[in-house]
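Below you'll find the structure, written out as structure tokens, and then a few comments.
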Amino acid sequence: MKFVHIADVHLDIPFKTISDRAGLGTKRRLEQREALKDVITFIKENNIDYLFISGDLYEQEYIRESSIKFLNELFKEIPNTKIYIAPGNHDPYIKNSYYMTFDWNNNVKIFTDSVQKVENDDVNIYGFGFNNFEMNENQIQDIHINDRSKINILVTHGDINDSIYNPMKLDVLKSKGFDYIALGHIHKRDDFDNIVYPGSLISLGFDELGKHGMIVGEIIDKKVYKQFIPIDKREFIVKNIDVSNIESEEELIEIINEVEDNNNLYEICFEGYRKFNINIDMNLLKDNIIKLKDNTKVKIDFKENDYTLKGLYIKKLNEKKDNNLIDDKTYDDLLEIGMRTFEKN
Ligand SMILES: [Mn+2]
């Protein structure tokens with residue numbers, strides 16, 4: 001049997017914080033739809049028997065009925081594929097959720113918070129999901145495989161570390177004897193033999209670097225052959241620039257714009273000691289640079305006989321530090337706040 005395993009799509013997430021540029025949120029939501037279409041196309045072209053969606057398919061808080069209809073129309077396009085969804089902490093199985101209220105196509109099975117087993121000819125599929133935005137009910141204890149001659153698969157959402165998100169211990173999961181465990185929750189792809197987090201289908205921001213996509217697998221004679229196939233056409237990349245030897249904002253802009261022209265989205269993080277005030281107009285940067293982060297410290301050339309407000313401020317701070325009235329961290333913070341204030345004027 002052949003399967004596709006995805007998780008953490010987070011459909012309709014607003015993407016509020018990924019960018020300093022307008023419009024990128026909407027663009028990224030369009031790309032979520034495109035990614036889902038690409039998964040469905042792959043399933044059609046490769047005659048995939050099962051689609052496992054391991055939670056956080058959508059955002060309960062933001063999901064619109066139009067997006068649910070869009071999803072369901074896609075599911076209708078693959079009538080021969082059985083689809084199993086385990087609700088996650090962002091799309092729990094709760095009253096008034098679309099999982100409960102929407103009339104899903106008949107190839108879609110949505111698991112609830114109690115463990116259910118669905119028997120197919122060759123495969124038994126077990127699953128459960130979240131009944132709330134947090135869950136700690138240990139359902140995993142109650143799962144016992146009854147027919148080991150068949151392929152047994154578990155679909156769920158949760159943490160393999162201690163947390164409030166359906167924590168499950170890896171050794172307990174391993175001991176259950178499943179041929180494949182389709183997990184979701186961790187957005188970075190990871191696997192422990194056949195216990196697999198596919199990662200988020202598309203990256204949700206600069207804390208989700210690298211490639212994102214789906215797991216495609218085939219189980220033959222109880223042996224699992226699986227591979228990762230990228231779906232997200234972009235990668236989020238963080239690039240650090242040490243500004244210590246850069247003389248001006250113009251020079252810095254030139255260096256920032258040396259990033260390659262490609263589909264990837266860049267966050268540029270400034271570090272080191274700055275000699276000038278950094279206040280860059282995003283319009284001067286290439287389109288694929290979408291976020292700037294300033295972790296620089298100000299370079300101070302303090303002169304004892306500087307009686308400007310700035311000079312006096314530094315002198316006062318130095319005195320406090322010398323007399324151990326403030327620690328190094330507070331000194332750095334106050335220096336930073338002060339210098340930023342003076343830079344503005
Ligand atoms: Mn998630």
Side-chain angles (χ1 to χ4, degrees), residues 3-16 18 23-113 116 118 125 127-133 155-157 182 184-185 187 198-204 212-216 229 231-234:
F3 67 87
V4 163
H5 170 202
I6 63 170
D8 296 283
V9 183
H10 289 267
L11 196 58
D12 277 354
I13 193 171
F15 290 104
K16 268 181 202 146
I18 56 165
L24 196 84
T26 311
K27 198 171 178 178
R28 207 59 189 143
R29 281 194 299 281
L30 284 166
E31 288 171 5
Q32 283 183 317
R33 293 165 66 106
E34 197 180 311
L36 286 162
K37 283 186 209 167
D38 288 348
V39 172
I40 299 303
T41 303
F42 180 91
I43 288 173
K44 270 190 223 169
E45 288 174 353
N46 294 279
N47 300 313
I48 302 293
D49 309 295
Y50 297 95
L51 170 59
F52 306 129
I53 304 178
S54 301
D56 288 3
L57 172 58
Y58 61 77
E59 286 278 331
Q60 173 65 29
E61 191 181 341
Y62 300 103
I63 188 74
R64 293 158 297 166
E65 188 167 8
S66 56
S67 301
I68 294 292
K69 281 182 179 160
F70 162 81
L71 255 184
N72 196 50
E73 289 306 310
L74 288 179
F75 293 158
K76 281 183 190 170
E77 289 180 28
I78 47 169
N80 300 321
T81 304
K82 294 190 169 76
I83 302 166
Y84 295 88
I85 302 174
N89 54 303
H90 285 262
D91 57 349
Y93 193 80
I94 51 174
K95 216 170 114 185
N96 299 325
S97 68
Y98 286 115
Y99 286 145
M100 275 205 193
T101 61
F102 192 80
D103 185 19
W104 295 87
N105 197 43
N106 56 17
N107 59 340
V108 180
K109 163 71 187 168
I110 295 159
F111 288 112
T112 66
D113 59 323
Q116 279 174 281
V118 182
I125 301 187
F128 68 97
F130 276 62
N131 55 13
N132 211 332
F133 298 95
V155 183
T156 190
H157 187 90
H185 188 59
H187 288 196
S200 40
L201 182 64
I202 70 167
S203 167
L204 302 183
H212 286 255
M214 62 184 173
I215 300 294
V216 174
I229 296 185
I231 287 289
D232 196 353
K233 295 184 176 73
R234 302 180 190 275

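No donor-acceptor distance shorter than 3.5 angstrom exists from the side chain of Q60 to the backbone of S97, with no hydrogens or angles considered. Under the 3.5 Å distance criterion, the side-chain polar atoms of D38 are left unmatched by any main-chain donor or acceptor of I231. Checking side-chain atoms of N105 against main-chain N and O of N72 turns up no donor-acceptor pair under 3.5 Å.
The two residues N131 and I94 have their closest heavy-atom pair at O-CG2, 3.2 Å. Pairing each heavy atom of S200 with each of S203, the nearest pair is OG-CA, 4.3 Å. Shown here for I78 and N107, the closest heavy-atom pair between the two residues is O-ND2, 3.0 Å. Listed here is the closest heavy atom pair of L71 and W104: CD1-CH2, 4.3 Å.
Within 6.0 Å of NZ in K69 there are 12 or fewer heavy atoms belonging to other residues, nucleotides or ligands.
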*asked:* Quick one, I13 with Q32, criterion side chain to side chain contact (heavy atoms under 4.5 Å, CB included). Give me CA distance, side-chain angles, the key distance, then yes/no.
replied: CA-CA 10 Å; I13 193 171; Q32 283 183 317; 3.6 Å; yes

*E77 and K44: salt bridge (charged side-chain N to carboxylate O under 4.0 Å, His left out), yes or no, with the steps?*
CA-CA 8 Å; E77 289 180 28; K44 270 190 223 169; 2.7 Å; yes

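Remark: L24 CG to R29 CZ distance equals 10.0 Å, nearest 0.5 Å. From I53, atom CD1 reaches atom CZ of F111 across 11.5 Å, with rounding to the nearest 0.5 Å. Between the OG1 atom of T26 and the CD atom of E31 there is a distance of 11.0 Å, given to the nearest 0.5 Å. Atom CG in L51 sits 7.5 Å away from atom CD1 in I85 (nearest 0.5 Å). In this structure, NE2 on H187 lies 11.5 Å from CD1 on I202, to the nearest 0.5 angstrom. Taking CD1 of I215 as the reference point, atom CD1 of I229 lies at 9.0 Å (rounded to 0.5 Å).
For residues 51-66, the pairs satisfying salt bridge (charged side-chain N to carboxylate O under 4.0 Å, His left out) are D12-R64, with sequence neighbours left out.
The shortest distance between side-chain heavy atoms of V39 and I43 falls below 4.5 Å. Using a 4.5 Å cut-off on side-chain heavy atoms (C-beta onward), H10 and H90 make contact.
Partners of R33 by side chain to side chain contact (heavy atoms under 4.5 Å, CB included), not counting sequence neighbours, listed by chain and number: F70. Residues passing the ring-ring contact (aromatic ring centres under 6.0 Å, His included) test with F128: none are found, sequence neighbours excluded.
Side-chain contact, S54 with H5: a donor N or O sits under 3.5 Å from an acceptor N or O.
Paired with F3 under the rule ring-ring contact (aromatic ring centres under 6.0 Å, His included), one option of Y50, F42, F52 passes, and it is F52. L201 pairs with exactly one of D8, L11, I6, L57 by the side-chain contact (heavy atoms from CB on, under 4.5 Å) rule, that one being I6.
Between F130 and H157, the two ring planes are perpendicular [angle over 60°; tilted spans 30° to 60°]. Using cut-offs of 30° and 60° on the angle between ring planes, the pair Y98 and Y58 is perpendicular.
Ion pair K37/E34 not flagged as a salt bridge, since none of the NZ, NE, NH1 or NH2 atoms sits closer than 4.0 Å to an Asp/Glu carboxylate oxygen.
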